[in-house]
Structures are given as C-alpha cells and as structure tokens.
Protein chains: 2
Amino acid sequence: MAVLELVGQKWMLRILWELRDAPLTFRALRARCDNVSPTVLNQRLAALREAGLVELGDEGYEPTELCRGLGDILPQLTDWSRRWEKERPAPADED
Amino acid sequence: MAVLELVGQKWMLRILWELRDAPLTFRALRARCDNVSPTVLNQRLAALREAGLVELGDEGYEPTELCRGLGDILPQLTDWSRRWEKERPAPADED
DNA sequence: TATGAGTGCTACATAAAGCGTAGCAAATGG
DNA sequence: CCATTTGCTACGCTTTATGTAGCACTCATA
C-alpha cells in the first residue's frame, strides 16, 4: 500500500481533487489549495509527476491516464464526506 | 470537502487502513504504523474520535459505524494502488 | 527593441509539525 | 508487593511547511 504514503502526504489528496475536472496552472492550482506555499506545491507536483500521476500539459497540470482510476474513487470520498458531515456527532468549531 | 483536510493529514489514511479489520490497541496500532511517534498517533486518534470516526472499545481502537463507509472505498484505493505499482513509469529508487 | 503580463519555480527566514526516547498513572494478574 | 500491559505525555531535536519576494522564461503588443 505504498500509495498511502504518497497520497497520504499533506495537500496530496487536495491537489488531486482540484485537478479532477480541468487542467490548472501552477498558480491557479496554488490558489485553489488555499494558497499553499509554492515550495510545497512544487515538491508535491514533482512527486506526482515522478509517480506518473500528473503531467504538465499545455493548459496546465492534469492527471494522467494512470491517475484516472482515482477519478472513480474520489467522488465516493466526496459522497462519504457529505454523509459524514451530516451524521457526525459534534461539528464543534473547525474552520 | 472538509474530510480531505482530515484524512489528508499524515498517517490518517494509514491509521484508518490499519483499523480496517480488527480493533487495535494504541500500542499495536502504533507498531503497525511503522512505530509512529505516540505524540502524533494520539493527536490523530483524538481528531478521529472527535470526528466520530473512531472509538476506543474494550479491545482497542476501532472504526465507528459512521466510518464504515470508508471500508468500501479504501479497498478500491488498494486496487488502484496495485494497478499503479504495475503500470507506473519508473519505479526509480524511493525508500 | 521594449515593456508588460503571464508562466513555472526557487530562496530565504520563520513557524509549525513530526520524531525518538523515556516515563507516568491506571488497570490487571500473580 | 511486584511485574506487565494499557493509554498517553514530556522532552529535546530534526524535519517539514509557511509566507513573502523575486528570478528566468515566454508571449503579446507596441
């Protein structure tokens, strides 16, 4: 389960999530990720590119064919996320 | 997609993954997670418990009913992980 | 040629998070 | 009383992330 160590890193799921629909430029992607520092974003993108999950095309960064499988999984994660937000015990105060 | 910020943290997916089958004690879970430092493990478990995703039963930590939905998703992540390991471009040397 | 806006990406100092080890308090069993 | 196991914390140190600034490059317009 080596992929857990990859996508388990901070911002990884978020990055892949933001790239799910359309390609995004470095700066646009950064903006979508709450302005994550470019240092980290670059590190993550480098790892994703080395893993063959993301590539830099003419219109920006986009998931590769190899990454597409995640496209079926992430929506389920969204679904589950919605269920969780409805049924979770104490919303408490998270920002 | 607040859940991404939760499970996107380091060790989160791994922790949930290790709890998928049977309950694990704090120490056992720690052992399975490459002996992650107890400080972090405790932080993560606290977050998971506050989110109502994990609880501490008689036999150790275990996912709650609310968390079970992930049980259908994580195996797919495994599947995808296996595909990825077969088809990825350059295994290179990652440790 | 130049100027301006966009791109990917890097440098730097500071802040935050994680790590490894040791150990505590409580519960359990001899 | 002692040993074992439990969940969990404290400590000092290393690693990682943050935020801001800016570089080198490309493209379009003038």
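- Distance alone, capped at 3.5 Å, is enough to place a donor-acceptor pair between the A:Trp84 side chain and the B:Ala51 backbone.
- Where A:Gly60 and A:Thr39 meet DNA chain C, the nucleotide closest to each residue was compared, and A:Gly60 sits on the side nearer the 5' end.
- Look at B:Trp11 and you'll find a side-chain N or O under 4.0 angstrom from OP1 or OP2 of C:dC19.
- Of the candidates D:dT20, D:dT18, D:dG7, D:dT18 carries the atom nearest the A:Lys10 side chain, counting heavy atoms from C-beta on.
- Rounded to whole Å, atom C1' of C:dT7 lies 13 Å from atom CG of A:Asp58.
- We find that CZ of B:Phe26 is positioned 10 Å from C1' of D:dT6, with the value rounded to whole Å.
- Between the side chain of B:Arg30 and the main chain of B:Val36, a donor-acceptor pair closer than 3.5 Å is present.
- What separates CD of A:Glu62 from P of C:dG8 is a distance of 12 Å, to the nearest Å.
- In this structure, of D:dT18, D:dC8, C:dT10, it is D:dC8 that holds the atom nearest to the side chain of B:Arg49.
- Summarising the geometry, the separation between CG on A:Leu41 and P on D:dA17 is reported as 12 Å, rounded to the nearest angstrom.
- Remark: B:Arg44 is not in phosphate contact with C:dA17, judged by side-chain N or O atoms under 4.0 Å from OP1 or OP2.
- Within 4.0 Å of A:Thr25, counting heavy atoms only, lie sugar-phosphate atoms of the nucleic acid but no base atom.
- Taking atom CD on A:Glu55 and atom P on C:dG8, their separation rounds to 15 Å, with Å as the unit.
- OP1 or OP2 of C:dG18 sits under 4.0 Å from a side-chain N or O of B:Gln43.
- B:Leu48 contributes atom CG, which lies 7.5 Å from atom SG of B:Cys67 (distance to the nearest 0.5 angstrom).
- Taking a 6.0 Å sphere around CZ of B:Arg20, one finds it holds more than 12 heavy atoms contributed by other residues, nucleotides or ligands.
- In the displayed structure, B:Arg82 atom CZ is contacted under 6.0 Å by at most 12 heavy atoms of other residues, nucleotides or ligands.
- Atom CG of A:Leu56 and atom P of C:dC9 are 6 Å apart (whole Å).
- Proximity of A:Arg30 to the phosphate of D:dT20: no side-chain N or O atom is located under 4.0 Å from OP1 or OP2.
- Residue A:Val40 is in base contact, counting any heavy-atom pair closer than 4.0 Å across all strands shown.
- The base of C:dG6 lies outside donor-acceptor range of the side chain of A:Arg27, with no N or O pair under 3.5 Å.
- If you measure from atom CD of A:Gln9 to atom C1' of D:dT16, you get 10 Å, rounded to the nearest angstrom.
- When rounded to the nearest whole Å, the span between CE of B:Met12 and C1' of C:dA17 equals 14 Å.
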